[in-house]
Colleague: 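Handing you a structure now.
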Amino acid sequence: MLDSVTHNTFLPNVSFCDPLMSWTDLFSNEEYYPAFEHQTGYSFFNDPEETKATIKDYAVSSCLKTSGIKSQDCHSHSRTSLQSSHLWEFVRDLLLSPEENCGILEWEDREQGIFRVVKSEGLAKMWGQRKRNDRMTYEKLSRALRYYYKTGILERVDRRLVYKFGKNAHGWQEDKL
DNA sequence: ATACAGTTTCCTGTTT
DNA sequence: AAAACAGGAAACTGTA
């Protein structure tokens, strides 16, 4: 714990385009979203909610794939590698790379480190991809986030889906690049 | 082999 | 009613 507080986990040798973890590798889920863009019926399932959820998932994964392709300027922003092993670092790095986060997370107050989870299941999906765990849900992810209140990585904000970085979280401030 | 941190999973209850 | 929030408890996983 102290370890993660005192020194940055951004390793200089970890590049954004690490072949083991590229966005295109992580989000090549075409098989689950067959030719959606040419579809005009918008009803893949009997349940309209399931259809809606699938469209949302598709939007997220297709956005991520696109951003992976666009991010060929590999070393332009090395700190946004999203290789971080810890959840809070993953969230922070997502917040710090607006091109890649696809509107999943949004700053509420940049200076105070307050942010909002806009697409909860999208975030869970991404974290699940990162940990190679397709059973991840926002419910379970948020349990892990609540543990951060005890360690001062996060502070409580009494608004739904809103969190704030605490004194023991580092690397999120705008000035302290 | 052991220990520990950091989750992950599950659960029951409360709130929005 | 659905989605979030709250935490306790226990299982799990990677690292030292």
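Here is how names work: the chains are called A, B, and so on, in the same order as the sequence lines, proteins then strands, and each is numbered from 1.
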Colleague: For dT8(B) and W127(A) - does any side-chain N or O of the residue sit under 4.0 Å from the phosphate oxygens OP1/OP2?
Modeller: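 Yes, within the criterion.
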
Colleague: Can you check salt bridge (charged side-chain N to carboxylate O under 4.0 Å, His left out) on R159(A) and E108(A), steps first, answer last?
Modeller: CA-CA 11 Å; R159(A) 278 192 279 147; E108(A) 197 96 314; 2.5 Å; yes

Colleague: R160(A): what forms a side chain to side chain donor-acceptor pair (under 3.5 Å) with it, not counting sequence neighbours?
Modeller: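 By the side chain to side chain donor-acceptor pair (under 3.5 Å) rule, R160(A) matches no residue at all.
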
Colleague: Note the angle between the end axes of the helix from dT2(B)-dA16(C) to dT16(B)-dA2(C), five pairs defining each, rounded to 10 degrees.
Modeller: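 About 20°, once rounded to a multiple of 10°.
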
Colleague: Spell out, yes or no, whether Y149(A) and L141(A) are grouped together once hydrophobic residues are joined by side-chain heavy atoms under 4.5 Å, including indirect joins.
Modeller: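 In one cluster: yes.
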
Colleague: How many Å lie between CZ on F90(A) and C1' on dT7(B), as a whole number?
Modeller: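 To the nearest whole Å, that distance equals 14 Å.
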
Colleague: Give the B/S/- string for nucleotides 4-16 of chain C, one per nucleotide from 5' to 3', where a protein heavy atom under 4.0 Å of the base yields B, of only the sugar-phosphate yields S, and otherwise -.
Modeller: BBBBBBB------

Colleague: Taking 4.0 Å as the cut-off, does a side-chain nitrogen or oxygen of K131(A) come that near to OP1 or OP2 on dT7(B)?
Modeller: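 Indeed not, no polar side-chain atom of K131(A) lies that close.
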
Colleague: Between CD of Q173(A) and CZ of R92(A), what distance do you get to the nearest 0.5 Å?
Modeller: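 Going from the CD atom of Q173(A) to the CZ atom of R92(A) covers 10.0 Å.
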
Colleague: Taking 4.0 Å as the cut-off, does a side-chain nitrogen or oxygen of K140(A) come that near to OP1 or OP2 on dT8(B)?
Modeller: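 For dT8(B), neither OP1 nor OP2 has a side-chain N or O of K140(A) closer than 4.0 Å.
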
Colleague: If you measure from CE on M126(A) to CG on N101(A), what distance do you get to the nearest 0.5 Å?
Modeller: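 Going from the CE atom of M126(A) to the CG atom of N101(A) covers 7.5 Å.
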
Colleague: Would you mind reading off the distance between M136(A) atom CE and dC10(B) atom P, rounded to a whole angstrom?
Modeller: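 In whole Å, dC10(B) P and M136(A) CE are 11 Å from each other.
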
Colleague: Is R143(A) close enough and on-axis enough to Y147(A), meaning under 6.0 Å and within 45°, for cation-pi?
Modeller: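 Verdict for Y147(A): a cation-pi partner in R143(A).
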
Colleague: Using the side-chain contact (heavy atoms from CB on, under 4.5 Å) rule, take L105(A) and Y163(A) through it: C-alpha gap first, then chi angles, then the decisive distance, then the call.
Modeller: CA-CA 11 Å; L105(A) 293 167; Y163(A) 298 86; over 6 Å; no

Colleague: Would you please classify the geometry between the F115(A) ring and the F165(A) ring as parallel, tilted or perpendicular, with 30° and 60° separating the classes?
Modeller: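 Plane angle between 30° and 60°, so tilted.
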
Colleague: Rounded to the nearest angstrom, tell me the gap between atom CZ in R130(A) and atom P in dT8(B).
Modeller: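 Checked: the CZ to P distance equals 10 Å.
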
Colleague: Between atom CG in L141(A) and atom P in dG6(B), what is the gap in whole Å?
Modeller: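 Result: 16 Å.
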
